[in-house]
Amino acid sequence: MSEQIGLFDGDIAARLPEPFLRWFAERGWAPRPHQIELLARARGGASVLLIAPTGAGKTLAGFLPSLTGLAARAPRKPGAAFRGVHTLYISPLKALAVDIERNLGKPVAEMGLPIAIETRTGDTPTHKRQRQKHVPPDILLTTPEQLALLIASADAERFFAGLRYVVFDELHSLVVSKRGHLLSLGLARLRRLAPDLQTIGLSATVADPDALGRWLVPQQPPGRMADRIAVEGGAKPEITILASDERVPWAGHSARYAVPDLYQAIRGHNTTLLFVNTRSQAEILFQELWRVNEDGLPIALHHGSLDVGQRRKVEKAMADNALRAIVATSTLDLGIDWGDVDLVVHVGAPKGASRLAQRIGRSNHRMDEPSRAILVPANRFEVMECRAALEANYLGAQDTPPLLDGTLDVLAQHVLGAACATPFSADALFDEIRTAAPYAALDRATFDKVVDFVATGGYALRSYERYARIRRTKDGLWRISHPRVAQQYRLNVGTIIEAPMLNVRYVRAGRGTASRGGPVLGKVEEYFLETLSPGDTFMFSGKVLRFEGIRENEAYVSNAAGNDAMVPSYAGGKFPLSSYLADQVRGIVADPARWQALPSQVADWLRLQRDKSVLPKRSDLLVETFPRGDRHYMIVYPFEGRLAHQTLGMLLTRRLERARAQPLGFVASEYALAIWGLRDMGGMIGSGRLPLANLFDEDMLGDDLEAWLAESWLLKRTFRACAVIAGLIEKRYPGQEKSGRQVTVSADLIYDVLRAHEPDHILLRATRADAAAGLLDIHRLGEMLSRIRGRIVHKHLDRVSPLAVPVMLEIGREPVAGEASDVLLSEAAGDLIEDAMGPT
Amino acid sequence: MNLAARPQDATLLADLNGEAALLDHRGALFLPDHRLLVVSDLHLEKGSALARRGALLPPYDSAATLSRLATVVEEYRPEIVVSLGDSFHDGWGAERMPDPFRAQLLALIDGRDWFWIAGNHDPEPPAGLPGSTVREVAVGQLVFRHEPTRGDAAGEVAGHLHPGARIVRRGRSVRRRCFATDGRRLVMPAFGAFTGMLNLRERVLWDLFEPARLRAHMLGTDRVYPIAGAVLRPG
């Protein structure tokens with residue numbers, strides 16, 4: 001293993017079988033106490049959650065029970081049947097499974113253990129998969145999607161009958177998504193196939209370890225938990241906030257001001273990892289660094305949209321220590337251990353304190369030496385956010401997202417998978433599903449609705465009985481009605497629904513789409529490319545590119561002259577400010593004693609705000625109003641993240657409309673919300689015609705929300721994902737679309753028809769729940785509204801306040817979130833009239 | 001011409017090969033001089049057609065299509081209705097149609113001259129429904145048929161191709177169904193609730209028209225927006 005082993009401890013180590021002791025002894029190593037403790041508990045029959053920082057030897061710990069168990073097992077007699085899989089290892093990333101195969105294979109070979117270790121991922125060739133079905137390896141390393149496929153096959157029972165351990169790596173990141181819901185259902189099924197199996201969860205530090213403990217064991221009785229072993233963090237990381245002589249900008253996200261300082265930091269270290277929050281930020285930073293790269297240092301770019309080949313090249317160069325710096329987004333986030341990184345730079349605010357901890361863990365993968373990191377705030381609010389994140393990291397505070405209840409679209413997918421494996425009894429499947437922690441509270445009526453949905457679509461108009469995908473036969477068991485159903489299931493398994501992407505292909509300039517294509521540079525979201533006209537430029541793959549046109553599922557681009565480009569405004573990779581950090585930032589704003597930790601220009605800015613307007617107390621909501629130009633502005637400072645602010649903006653403008661305040665638009669930032677309109681909202685508040693308590697009443701989450709949601713494109717987008725996961729519509733593959741548009745039915749049309757005719761359909765229920773938790777952040781908005789009840793502070797000003805400047809600068813820069821595409825049509829039609837009038 | 005019958009937000013197209021025509025934002029065409037209403041590509045029972053093949057889409061597309069059709073019929077009170085082909089998604093659609101929807105359709109047909117133009121999806125007359133099934137209908141200066149003919153076809157009103165148009169304004173892309181016309185011929189948008197669209201910039205559509213005079217009348221929420229052909233984007 002690449003991980004370092006601690007001091008020798010003969011007492012504990014004596015519990016290990018001989019080959020292990022010899023292996024450790026030959027290297028002068030000894031197992032760590034938590035590794036031995038985990039082994040002891042697993043031998044006692046317990047499932048175990050191991051919480052440890054990066055570099056603590058988690059992986060070896062997780063596999064010790066399997067390795068020692070397998071080493072002690074009698075060899076298979078010639079001619080005897082092959083034994084099934086002994087240990088299943090599940091990781092969120094394919095690359096991680098491959099990594100583990102390498103790292104685990106080495107000690108196993110050195111100890112001479114007769115243990116077969118293999119991976120099975122989407123990249124595994126068919127013949128190898130076939131062979132694995134007949135001759136399963138002892139340890140199978142795989143992903144949640146592959147597990148879903150394995151348990152939905154007819155031979156799952158035989159394959160998993162001898163299963164002893166399931167090891168979940170990076171459990172904290174697996175469980176917080178729909179992927180985790182599907183995985184929890186898979187685990188419930190595995191427990192039925194192999195009742196003696198034990199689980200081992202490996203996790204970074206999380207806010208609520210009990211939730212992970214429950215996730216690992218059957219919830220019968222509810223609340224049961226796995227044993228927990230926690231390893232304290234090693235050396236405290238050395239984190240600093242970049243102290244630049246340059247002026248920190250009011251707003252924006254590019255951190256251009258810091259580039260010369262960053263370049264010096266890169267020069268001063270062996271290998272630097274620079275993390276940013278979005279792909280477009282990555283592109284900009286990469287360009288800017290090369291602009292000042294006088295020494296021609298090898299600096300590379302890595303993000304999820306780039307071509308796989310190119311990413312692998314960068315990863316390899318990284319592992320070979322051939323790079324001095326790499327600019328990356330979250331694709332590099334999870335615990336893969338590459339090269340000799342001695343500095344982590346985080347550009348932009350880290351958004352969540354635990355994300356920061358994870359990213360800093362990247363630097364210096366040795367637990368006993370401190371990690372080094374520099375935070376680079378891109379604007380003044382981010383200075384405070386970085387400060388809060390920094391304090392959180394030292395304090396050990398954690399703000400990983402809470403585990404949510406299992407979603408119904410995922411449940412539908414699992415029910416169909418269960419029928420593909422073997423006929424099921426609804427009673428037994430319901431009981432099995434309720435042992436999975438995310439579905440422990442599932443009620444029978446909802447479950448039956450989901451089964452009905454899987455069978456016939458679950459519509460009140462019962463016209464599809466004869467087309468049922470699964471049917472209940474005389475023996476009371478549900479079975480698939482046709483083998484085709486299982487084929488369809490296999491093509492659509494999984495919960496990762498990506499926005500449609502187009503390949504970006506390189507061609508010679510000026511030849512348009514008639515040109516023959518060069519290499520593919522990567523993929524970009526279709527909706528972004530749709531807004532480009534031939535000749536527009538954008539930044540991608542570290543280059544400034546000229547858009548030539550779209551042909552089938554490819555966007556053709558060429559080299560652009562010059563360095564200025566319109567930047568891809570990817571939606572991907574934006575994370576909202578976490579509740580914990582938001583509270584900390586409010587705390588900093590409210591407490592002048594804490595300002596001395598801030599750069600003086602930021603502290604001066606807050607002082608100015610105190611003098612010109614007012615600083616809100618930590619749990620207050622400040623509302624400022626002022627005129628500017630021919631408009632009146634209302635600025636609200638909830639500090640709850642852009643998603644929640646956008647939802648709030650939509651709802652407040654509806655209410656202001658009704659109050660005849662004539663709102664015209666709004667823009668939301670991570671920290672504040674600005675609304676502008678034609679009437680003096682400050683005057684209306686002052687005279688009591690617009691009571692703030694009413695404006696911000698929690699009841700806005702009732703009817704107003706419903707009315708807005710019904711028409712919102714946000715809900716349509718969410719519906720599409722739910723419908724694909726639930727198996728109502730098929731996944732879209734590139735290239736299918738063009739010919740398919742007339743033939744298939746778009747999710748938007750289905751949504752409109754379903755909402756009009758059966759608004760309480762199970763899939764719409766799932767969609768609303770999803771949107772509330774995801775794109776709309778309604779939960780967070782609700783908490784905020786209840787927190788600020790009776791604590792709204794209004795300040796009417798005659799001009800813009802210092803605190804309002806950043807969000808005011810966003811106006812015009814951010815596209816105004818909008819539903820009114822008719823307005824755009826109207827403008828385009830207006831052009832026609834001008835055209836028709838002819839030049840004068 | 002009876003202007004009183006004209007709902008406010010429809011666009012008046014003064015001249016379609018010499019006939020006055022109203023383009024309605026719900027995707028119907030009305031000829032006031034003949035009290036004739038045209039809808040195209042209803043694709044009724046598309047949901048159940050796909051359900052037969054395993055995609056259990058909501059079985060309400062016929063209901064949605066018919067209630068929109070009922071609204072339009074009620075507003076214009078036509079004496080003649082032409083359904084311009086592909087009225088049903090397949091040859092068994094009329095048989096599969098659930099009773100309440102069938103009753104709704106029968107009520108619309110009742111008391112009117114109703115023409116089913118034969119389409120490629122439904123070449124035979126719909127089972128058990130009144131009305132005449134024909135290959136084409138000629139009225140005044142216009143002729144109504146399902147598939148547009150190649151070359152010059154002055155006065156032809158056709159469907160089949162499901163035209164849609166896309167514009168980009170202020171960094172946002174808007175895609176809508178549309179009437180496509182150059183003043184001489186017209187291709188109708190698909191009326192059915194589950195029908196998709198084909199971009200007007202695709203050659204099979206684009207080549208039908210005289211480019212300089214081509215307009216996409218894009219269907220908005222409550223009116224039709226005429227957009228010059230030169231503004232339209234592919235995709």
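Computed from a predicted structure; not experimentally measured. Order of the sequence lines sets the chain letters (A, B, ...), proteins ahead of strands, with each chain counted from 1.
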- Message: As an exercise, state the distance from CZ of Arg466(A) to CZ of Arg96(B), rounded to the nearest 0.5 Å.
- Response: 7.5 Å
- Region of Tyr464(A) that comes under 4.5 Å of a non-hydrogen atom in chain B: side chain
- Message: Tell me whether Arg472(A) at atom CZ has more than 12 heavy atoms from other residues, nucleotides or ligands lying less than 6.0 Å away.
- Response: no
- Message: Is any side-chain heavy atom of Leu57(B) closer than 4.5 Å to one of Ile729(A)?
- Response: yes
- Note on the structure: For Tyr467(A) and Ser48(B) the tightest heavy-atom approach is CE1-O, 3.9 Å
- Message: Check this for me: Arg184(B), atom CZ, are more than 12 non-hydrogen atoms of other residues, nucleotides or ligands nearer than 6.0 Å?
- Response: no
- Item | Rounded distance (nearest 0.5 Å) linking atom OG1 of Thr195(B) with atom CG of Leu749(A) | 7.0 Å
- Query: Could you give the distance from OH (Tyr60(B)) to CZ (Arg755(A)), rounded to the nearest 0.5 Å?
  - Reply: 15.0 Å
- For chain A, which of Ala63(B), Pro98(B), Ala55(B) has the most heavy-atom pairs under 4.5 Å? Ala63(B)
- Note on the structure: Distance col, row Ser62(B):OG vs His757(A):NE2, nearest 0.5 angstrom, shows 9.5 Å
- Message: For the CE atom of Met97(B) and the OG atom of Ser463(A), what is their distance to the nearest 0.5 Å?
- Response: 12.0 Å
- Check whether more than 12 heavy atoms from other residues, nucleotides or ligands sit under 6.0 Å from atom CH2 of Trp92(B), and answer yes or no. no
- Considering residues, nucleotides and ligands other than Arg484(A), do more than 12 of their heavy atoms fall under 6.0 Å from its CZ? yes
- For the candidates Gly220(B), Pro59(B), Ala64(B), Ala193(B), which exhibits the highest count of non-hydrogen atom pairs separated by less than 4.5 Å from chain A? Pro59(B)
- Query: Tell me, do Asp752(A) and Phe194(B) make a side-chain contact under 4.5 Å, heavy atoms counted?
  - Reply: no
- Message: If we define contacts as heavy-atom pairs under 4.5 Å, which of Ala230(B), Gly54(B), Ala190(B), Ala51(B) has the most with chain A?
- Response: Ala51(B)
- For Phe453(A) and Leu56(B) the tightest heavy-atom approach is O-CD1, 4.4 Å
- Heavy-atom distances under 4.5 Å only: say whether Thr456(A) touches chain B with side chain, backbone, both or neither. backbone
- Item | Choice from Leu763(A), Leu754(A), Leu461(A) maximising heavy atom contacts with chain B below 4.5 Å | Leu461(A)
- Answer with side chain, backbone, both or neither: which region of Pro234(B) has an atom nearer than 4.5 Å to a non-hydrogen atom of chain A? neither
- Where on Ala460(A) is there a heavy atom nearer than 4.5 Å to chain B: the side chain, the backbone, both, or neither? both
- Task: Could you tell me which non-hydrogen atom of Gln488(A) sits nearest to which non-hydrogen atom of Arg53(B), and how far apart they are?
- Result: NE2-O, 3.9 Å
